[in-house]
K.L.:
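Sending over a structure as structure tokens; questions will come in a sec.
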Amino acid sequence: MNIPCKDFNLAATLDSGQVFGFAREENGAYRGNLLGEPCEVWQIGDTVHVSSTKQMKPEHVRRYFDLDFDLSSVYTHLKEIPASDPDWFDSVRGLRLIRQDSWEALACFILSSNNNVKRIQGIYKNLVEYFSRRARRQVPVFPSSGEIAKTHERILRQIGLGYRAPFLQRSAQFLSVNPDYLSVIQDSEYEQAIERIISFPGIGPKVADCVFLYGFHGLEAFPVDVWMLRVMRKLYFKNRGVSEKRVHAFGRKKWGSLAGYVQQYLFHSARTGILFRP
DNA sequence: CCCCAGGTCCCGC
DNA sequence: GCGGGACATGGG
């Protein structure tokens with residue numbers, strides 16, 4: 001399937017730490033799971049190519065990659081950021097926020113706490129492989145909350161979750177008892193949505209913002225992790241040791257309904273060294 | 001041996 | 001409400 005796309009950067013989108021199920025291959029294509037279908041995705045110029053066994057509707061892929069969103073207002077904010085060069089984000093222009101599955105985002109970001117992207121991807125892969133094999137699935141996909149709820153905690157530990165194993169399992173158990181809770185969150189305003197997400201075990205304010213942003217496309221979220229804390233302190237607080245809470249409030253107020261997008265560009269750029277290099 | 005990674009939890013104040 | 005340590009695991 002070929003999908004025309006303007007102002008899109010597939011590599012920056014999939015490498016920016018918002019989704020953990022895509023692996024870059026030698027030829028530059030990405031293998032992963034798109035809308036529940038294992039597939040291969042690559043970009044040539046202004047065209048996205050998707051190869052999968054089952055047929056997918058182009059409008060669903062467009063929606064998944066948020067391709068119909070006009071990024072110009074985001075770029076206006078990015079140009080005003082006090083970096084040395086106003087075009088500092090040129091190499092990642094076209095980075096977009098994916099509309100991924102909300103359960104998968106919630107599960108993945110429980111794994112993300114005090115962890116690094118490389119290892120989160122590894123645990124994600126282990127979860128897909130173990131539970132797909134166990135259920136004898138023909139196509140490997142991320143396990144449902146029901147599957148996680150029913151397994152043994154020691155299995156999750158063996159897979160590599162460490163001390164986060166009981167957090168993920170208890171969260172899955174809650175969802176299997178309250179199956180409509182994710183749609184309740186979907187229909188909530190920011191403050192109440194965060195309050196509800198934060199009630200899951202292993203989820204604090206930072207992960208809750210990630211879940212709201214990536215799992216529910218809540219663009220007014222502004223996750224502040226160690227990378228964001230560093231870059232924001234440098235840009236706006238004269239390198240003073242201001243708290244995460246204060247940086248979070250600052251970003252949300254400054255960028256409003258686009259805070260999540262600005263955050264994604266800042267986070268990816270900080271982590272890859274695009275911003276602030278000698 | 002150390003420190004770090006898309007933090008959270010739990011404790012004492 | 002804020003500060004500090006513990007927490008699994010793997011890489012540098």
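Numbered from 1 within each chain, the chains take letters A, B, ... in sequence-line order. Only heavy atoms go into these numbers, but all of them, side chains included; no hydrogens, no water, no symmetry mates.
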K.L.:
What are the two closest non-hydrogen atoms of A:F216 and A:S102, and how far apart are they?
P.N.:
CZ-CB, 3.6 Å

K.L.:
Look at the rings of A:W42 and A:H49 and say which category their plane angle falls in: under 30° parallel, 30 to 60° tilted, over 60° perpendicular.
P.N.:
parallel

K.L.:
Can you check whether A:T151's main-chain N or O pairs, donor with acceptor, with A:Q169's side chain at less than 3.5 Å?
P.N.:
yes

K.L.:
Please state the C1' separation for the pair B:dG6 and C:dC2 - nearest whole angstrom.
P.N.:
23 Å

K.L.:
Taking any atom under 4.0 angstrom from a heavy atom of chain A, which nucleotides of DNA chain C are the first and last to qualify, 5' to 3'?
P.N.:
C:dC2 to C:dG10

K.L.:
Taking all heavy atoms of A:Y236 and all of A:P82, pick out the closest pair and write down the distance.
P.N.:
OH-CD, 3.4 Å

K.L.:
On a heavy-atom basis, which atom in A:S171 and which in A:I110 lie closest, and how many Å separate them?
P.N.:
OG-CD1, 3.4 Å

K.L.:
Using a heavy-atom distance cut-off of less than 4.0 Å, which residues of residues 116-129 of chain A contact DNA chain B?
P.N.:
A:N116, A:V117

K.L.:
Checking A:Y261 against A:Y75 for the ring-ring contact (aromatic ring centres under 6.0 Å, His included) test, could you report, in this order, the C-alpha distance in whole Å, the side-chain angles of both residues, the deciding distance, and whether it holds?
P.N.:
CA-CA 10 Å; A:Y261 254 108; A:Y75 297 151; 9.1 Å; no

K.L.:
Between A:N126 and A:I159, is there a donor-acceptor pair closer than 3.5 Å when you use the side chain of the first and the backbone of the second?
P.N.:
yes

K.L.:
What residue among A:Q263, A:R271, A:H248 forms side chain to side chain contact (heavy atoms under 4.5 Å, CB included) with A:M228?
P.N.:
A:Q263

K.L.:
Using the P atom in both, what is the distance from B:dC11 to C:dA8, to the nearest Å?
P.N.:
15 Å

K.L.:
Please collect all salt bridge (Lys or Arg N to Asp or Glu O under 4.0 Å) contacts where either partner lies in residues 138-152 of chain A, sequence neighbours excluded, each pair once.
P.N.:
A:R137-A:E147

K.L.:
Name the residue closer to the 5' end of DNA chain B, choosing between A:N115 and A:P201 according to the nucleotide with the nearest heavy atom.
P.N.:
A:N115

K.L.:
How far apart are the closest heavy atoms of A:G251 and A:F222, and which atoms are they?
P.N.:
CA-CE2, 3.7 Å

K.L.:
Taking salt bridge (Lys or Arg N to Asp or Glu O under 4.0 Å) as the cut-off, I'd like each qualifying pair that reaches into residues 66-80 of chain A, sequence neighbours left out, listed once.
P.N.:
A:R62-A:D68, A:D66-A:R99, A:K79-A:D87

K.L.:
Under a 3.5 Å distance rule, please check whether A:R119 uses its side chain to pair with a backbone N or O of A:N116 as donor and acceptor.
P.N.:
no

K.L.:
Need one value for A:L161: base, sugar-phosphate or nothing, where a base atom within 4.0 Å counts as base even if backbone is also close, heavy atoms only.
P.N.:
nothing

K.L.:
With DNA chain B as reference, determine whether A:P223 or A:I198 sits nearer its 5' end, using the nearest nucleotide of each.
P.N.:
A:P223

K.L.:
Have A:D209 and A:Y190 got a donor and an acceptor in their side chains that come within less than 3.5 Å?
P.N.:
yes

K.L.:
Give the residues of residues 259-267 of chain A touching DNA chain B, defined as any heavy atom closer than 4.0 Å, sorted by residue number.
P.N.:
A:Q263, A:Q264, A:F267

K.L.:
Checking all strands, does A:G202 fall into the base, sugar-phosphate, or nothing category for heavy-atom contacts under 4.0 angstrom?
P.N.:
sugar-phosphate

K.L.:
Could you give the start and end, 5' to 3', of the contact zone on DNA chain B for chain A, using atoms under 4.0 Å from its heavy atoms?
P.N.:
B:dA5 to B:dC9

